[in-house]
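Contents: one structure, followed by commentary.
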Amino acid sequence: MLKLNRPKAPRSLFWRTFLLLCGLIFFSVIGWLQSFRVFSELPYAQGIAQQIITTTNLTRYALVSADPMHRKDLLRLLAKREGLQISPHEPTDRIVPINTEGMNGLIAQKVHQALGKQTIIANRVNGKPGLWVTLNIDGESFWLQTRADLLNPPFGTAWLWWAVAAGVMSLLGATLLTRHVNWPLRALSAYATQVGQGKSPPPLPEDEGTIEIQMVNRNFNHMVQDLRRMEADRELLLAGVSHDLRTPITRLRLEVELADLPEESREAMVSDLLQMENIVDQFLSYSRQSYENQTLVDLAEATQQALNNARLKCGPTLDLKTDFTEHLCVVAHPLELSRAIQNLFTNAQRYGMSQDGVLRLSVTVKADARGARLEVRDQGVGLPDAELSRVVRPFERGESARTGVTGTGLGLAIVDRLVRRSGGALELSKNTPTGLCVALTLPLATESCKRRLKLEAEKRKAESKLNPTA
């Protein structure tokens with residue numbers, strides 16, 4: 001069965017509201033014009049009919065009352081000054097009667113009531129256009145020809161300019177009304193975005209706008225305060241537990257190193273203790289809240305620095321390929337971005353080994369439609385499609401695809417959290433022919449953003465000079 005694609009409605013609330021208002025105005029104007037036409041038809045038809053009746057009666061009375069010697073002068077005078085032509089009505093005349101639908105029907109009805117049903121009203125007689133009406137003078141039938149535009153008077157262009165002016169003012173009013181309605185929602189959306197990125201914007205105003213907007217802002221501010229309180233409590237809890245675990249782990253490692261144990265047992269215990277220490281480090285990384293300012297960061301330069309810190313060097317067990325596009329500047333927290341990129345390389349080292357024991361790693365930095373994109377591809381076992389979105393969540397591991405390795409499941413969760421704080425996104429997909437592709441996308445810095453960051457840096461520098469102890 002053929003499925004037709006339905007046109008999608010505008011997703012923006014501004015345009016959706018604006019188009020709805022424009023449609024409402026359009027149909028309201030159409031309805032008003034129709035109502036005006038209906039209510040104005042009867043008075044207009046009565047006026048035109050009365051004019052036809054009066055003109056016909058006055059012409060008849062003038063011709064009947066005039067001296068026969070002067071009727072020709074009267075006819076010439078009527079034709080010259082009033083545009084009235086009198087001609088005999090012959091049975092062989094070719095008559096085109098007026099259309100008796102709508103308003104013309106009302107006019108014909110009024111004329112027949114006043115002048116008699118035998119009165120003929122025509123648009124054309126013998127090929128000549130005009131408004132033709134029959135009248136009787138001394139028992140003979142004549143045609144009275146008057147202006148052709150009497151039934152369809154010209155309206156001019158004034159109404160058109162008034163309609164254009166009304167349309168422009170209506171569109172302007174719809175735009176202002178839509179912006180007024182959507183402005184609190186735009187502010188709420190921008191505020192929620194900043195909160196989601198870990199920033200601390202000023203609270204939303206609770207005493208402005210309508211009662212509903214005030215209630216939404218008040219409840220949202222309370223929710224943000226509760227979230228920050230919970231975040232602080234979680235950070236304090238994880239940091240305290242992790243800090244307290246470091247001391248017994250270090251003491252156990254020292255005792256194992258000094259104990260008289262078989263080499264194999266000592267190495268196994270030291271490996272377990274190192275893994276426990278790594279888990280503590282990951283807890284600290286996940287709970288740590290950065291308070292550094294966002295700056296311009298060259299993504300290619302940051303990636304190269306992270307590669308150097310990860311000590312990835314080509315050798316028998318490593319096949320590294322890089323392709324960097326330079327000068328792709330993004331706005332991010334430098335330390336957090338560096339930690340996120342290093343986590344990607346650490347994750348690839350642990351889980352991206354090929355079946356032959358070689359780590360085949362491809363690292364690319366390029367620009368696409370969404371911004372700057374960092375891709376880390378390996379040719380390991382990879383992950384099933386069902387686990388690609390799950391492993392990004394905290395404490396989730398793809399153990400079914402990457403056996404033999406244990407961990408906390410916080411590596412990719414840390415990367416996702418750090419990247420979202422900078423307005424980016426983390427994506428996982430399958431590599432070709434095998435393996436995993438982890439992509440990190442960040443929005444490119446605009447010129448206005450660069451100027452803003454420069455001004456903020458200069459402001460902080462000036463404040464540090466004024467208050468060195470701060």
Side-chain angles (χ1 to χ4, degrees), residues 26-67 70-167:
F26 174 77
F27 287 109
S28 298
V29 170
I30 294 298
W32 177 82
L33 289 176
Q34 183 66 15
S35 301
F36 177 79
R37 187 182 69 84
V38 170
F39 286 109
S40 64
E41 275 186 354
L42 182 59
Y44 183 79
Q46 289 176 342
I48 297 299
Q50 187 62 42
Q51 185 176 353
I52 295 174
I53 295 169
T54 302
T55 302
T56 303
N57 288 331
L58 289 177
T59 302
R60 180 190 300 112
Y61 296 150
L63 292 175
V64 171
S65 303
D67 189 346
H70 298 90
R71 283 182 180 177
K72 291 184 178 180
D73 295 334
L74 178 60
L75 292 175
R76 285 195 295 268
L77 183 64
L78 290 175
K80 181 178 180 181
R81 294 190 177 182
E82 303 297 332
L84 301 177
Q85 299 287 340
I86 306 297
S87 58
H89 178 203
E90 302 293 342
T92 59
D93 290 340
R94 300 187 305 276
I95 302 172
V96 179
I98 65 171
N99 186 8
T100 57
E101 294 181 357
M103 187 171 59
N104 289 346
L106 295 176
I107 295 175
Q109 181 182 359
K110 297 293 182 181
V111 172
H112 289 156
Q113 289 177 356
L115 301 180
K117 292 185 178 181
Q118 74 282 359
T119 303
I120 301 174
I121 307 174
N123 278 331
R124 189 180 295 270
V125 175
N126 297 326
K128 293 182 180 181
L131 177 61
W132 300 77
V133 182
T134 57
L135 73 161
N136 291 322
I137 300 177
D138 295 335
E140 296 184 7
S141 181
F142 292 88
W143 285 110
L144 173 63
Q145 180 188 4
T146 184
R147 300 192 317 270
D149 61 348
L150 193 62
L151 293 179
N152 299 300
F155 292 99
T157 59
W159 68 273
L160 180 61
W161 294 111
W162 278 107
V164 171

Pairwise distance CZ(F142) to CG(N136) - rounded to 0.5 angstrom: 9.0 Å
Straight-line distance of Q51 CD to Q46 CD, nearest 0.5 Å: 14.0 Å
Sorted by chain and number, sequence neighbours left out, side-chain hydrogen bond (donor to acceptor under 3.5 Å, both in side chains) with Q50 holds for T54
Could you pull out the closest heavy-atom pair between Q145 and G130, with the gap in Å? NE2-CA, 4.5 Å
Using side-chain contact (heavy atoms from CB on, under 4.5 Å) as the criterion, list what pairs up with R76, not counting sequence neighbours. K72, D73
Heavy atoms only: give me the nearest A114-I53 pair and the separation to one decimal. CB-CD1, 3.2 Å
Out of V111, T134, L115, which residue meets the side-chain contact (heavy atoms from CB on, under 4.5 Å) rule with I121? V111
Gap separating the CG atom of L84 from the CG atom of L131, nearest 0.5 angstrom: 10.5 Å
Do any pairs count as a ring-ring contact (aromatic ring centres under 6.0 Å, His included) and have a residue in residues 91-113, sequence neighbours left out, and if so which ones? none
N/O donor-acceptor pair under 3.5 Å between T55 side chain and I52 backbone: no
Drop me the distance from L144's CG to T59's OG1, to the nearest 0.5 angstrom. 5.0 Å
All side-chain hydrogen bond (donor to acceptor under 3.5 Å, both in side chains) counterparts of N57, not counting sequence neighbours: R60
For residues 89-96, dump all side-chain donor-acceptor pairs below 3.5 Å to protein atoms at least two apart in sequence or in another chain.
unit_1	atom_1	unit_2	atom_2	d
H89	ND1	S141	OG	2.8
D93	OD1	N126	ND2	3.1
D93	OD2	E90	N	2.8
D93	OD2	W143	NE1	2.9

With rounding to the nearest 0.5 Å, note down the distance linking CG in L135 to CD1 in I86. 5.5 Å
